[in-house]
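Take a look at the following structure, please.
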There are 2 protein chains.
Amino acid sequence: MNEKTRQRRPAFDREAGVAIAQALFHERGYDGVSLADLTEAMDIKPPSFYAAYGSKAELFERAMLRYAQENALPLDDLLAPDRPPAEALSALLLAAAKQYGRHSLLRGCMITEGMRANDQVARQMARNLGNGGLQAIRAYLDQVHPRGAQALADYMAVTLRGLSAAACNGMSRKRLIEVAQVAGRFLSREMDADQSTSAS
Amino acid sequence: MNEKTRQRRPAFDREAGVAIAQALFHERGYDGVSLADLTEAMDIKPPSFYAAYGSKAELFERAMLRYAQENALPLDDLLAPDRPPAEALSALLLAAAKQYGRHSLLRGCMITEGMRANDQVARQMARNLGNGGLQAIRAYLDQVHPRGAQALADYMAVTLRGLSAAACNGMSRKRLIEVAQVAGRFLSREMDADQSTSAS
DNA sequence: CGCACTATGTAGTATCCACTACATATTTTA
DNA sequence: TAAAATATGTAGTGGATACTACATAGTGCG
């Protein structure tokens, strides 16, 4: 249990290996990274890899969890119930645009893009993780804007996926942010109008 | 030239082969379809395949061109210059949503999703084709709504990509259409407001 | 009818894939 | 210090990949 005292030969740091895998998977996607790529980047041999992580898919899951903890959008903060809903959603889109276009290599959302893997196991892992975030948005909207919550949540899902895809295809951070701002302005207008009128 | 009289042993119809490939590539993506899948579906052997199409990537390009001719959104009609711009863009989003969710297997935009292929050659082919459509939207906006044309074109690109991605991930046609309608309403509000005021 | 041509099927190529059996070297425990 | 446990490196597994050399069967043209 006390892994701290265990001064075993460094061999290799498994958490560091997860971080390396996270970067590779984020940059090239699950299918774009081979086991040879991973073992070379970690400077280990395949047997050590499997002893440590079990399989490529399991490591991908650990890398996505690490990504979620480190890089995922802080939905709980952004979607605080006491914020004006349109402002909260706009802030979420803006935060996503900023993050998706931040690095030149690590573009888009690792989890959103992971949903497109050719490997079925990896794809399902990514979907399970990604759906969690979407459900959080849905739950938030059910509370603060129950009328049309589904449509608004779907709009957010589509826009977030679009931002991630556009980022992966090279759209600059500046332009991503502008799109998020446009969408945020749309949301503000729509939800303000929705407060005063009852039917379009 | 007169291919009709050429009663050559049926062997196999190359255009029909492109159609088969189009369906397979659309359903599973470039990397998700192997040469064995293609030759089996066309009921031919690899040598016939290469004699007819040159390579997997070349066939993918032909399949995308076929898709563009048959299924791509009729941008010229949708983006008629004499239409109210917001209405034209809304119609484009709606047409995309309807098409992306039409079939249960052939979901999303074949070209947009092709941009995510792991194979670099295929990816570049898809990007070249897809960028054509986006440039058409940009050119249209430069004409009818020059102020903020870039931001609006980027917004359309992001939303179209998002609709395609959401369709691939299983969002129902009904919900896709609702998202397109929400976005269309946003565009109408924004562009109407933009006509009367000069600063937000 | 016979020759030249073309597309075909058989059977492979080399390469990459994720993954593993086995013996060795290092570390922890007794 | 000796034995047990563990992670390592060497080397290789079967299978899938895109693609092809070669002989043959079917074709149109003379």
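In what follows, every chain begins at residue 1, and chains take the letters A, B, ... in the order their sequences are listed.
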Below 4.0 angstrom, which residues in residues 45-59 of chain B have at least one non-hydrogen atom near DNA chain D?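 Nucleic-acid contacts, sorted: Pro46(B), Pro47(B), Tyr50(B), Lys56(B).
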Can you tell me how far P of dG9(D) sits from CD of Glu40(A), to the nearest Å?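 My rounded result for the distance is 14 Å.
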Distance-only, no hydrogens or angles: does the Ser48(B) side chain make a donor-acceptor pair with backbone N or O of Ile44(B) under 3.5 Å?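 Such a contact is absent between Ser48(B) side chain and Ile44(B) backbone.
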Considering all heavy atoms, the nearest Ala41(B)-Ile20(B) contact: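 Closest approach of Ala41(B) to Ile20(B): CB-CG2, 3.6 Å.
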Can you identify which nucleotide, out of dA18(D), dA18(C), dA7(D), has its nearest atom closest to the Leu35(A) side chain?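 From the listed options, dA18(C) comes nearest.
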Round to a whole Å and report the spacing from CG of Asn118(B) to C1' of dT17(D).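 Atom-to-atom, Asn118(B) to dT17(D), this comes out as 14 Å.
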Starting from C1' on dA18(C), measure out to CZ on Phe25(A) and report it in whole angstrom.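 Going from CZ in Phe25(A) over to C1' in dA18(C) covers 12 Å.
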Separation of Asp13(A) atom CG from dA7(D) atom P, in whole Å?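 Taking CG of Asp13(A) and P of dA7(D), I get 14 Å after rounding.
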Mind calculating the distance between CG (Asp119(A)) and P (dA16(D)) to the nearest angstrom?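 Between P of dA16(D) and CG of Asp119(A): 14 Å.
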Nearest whole angstrom, please: distance from the C1' of dT10(C) to the CD1 of Ile44(B).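 These atoms are roughly 15 Å apart.
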So, the side chain of Arg123(B) versus the backbone of Ala117(B): is there a donor-acceptor pair under 3.5 Å, distance only?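 Yes, because the side chain of Arg123(B) sits within donor-acceptor range (under 3.5 Å) of the backbone of Ala117(B).
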Leu106(B): which other cluster members, linking ILVMFWY side chains closer than 4.5 Å, directly or transitively?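 ILVMFWY cluster around Leu106(B) also holds Leu105(B).
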Check: Ala167(A) main-chain N/O paired with Arg107(A) side-chain donor or acceptor under 3.5 Å: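 Present.
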Tell me: CZ of Phe60(A) to C1' of dA18(C), nearest whole Å?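 Distance, rounded to whole Å: 16 Å.
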Closer than 4.0 angstrom, basic N to acidic O: yes or no for Arg116(B) and Glu113(B)?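 Salt bridge: yes.
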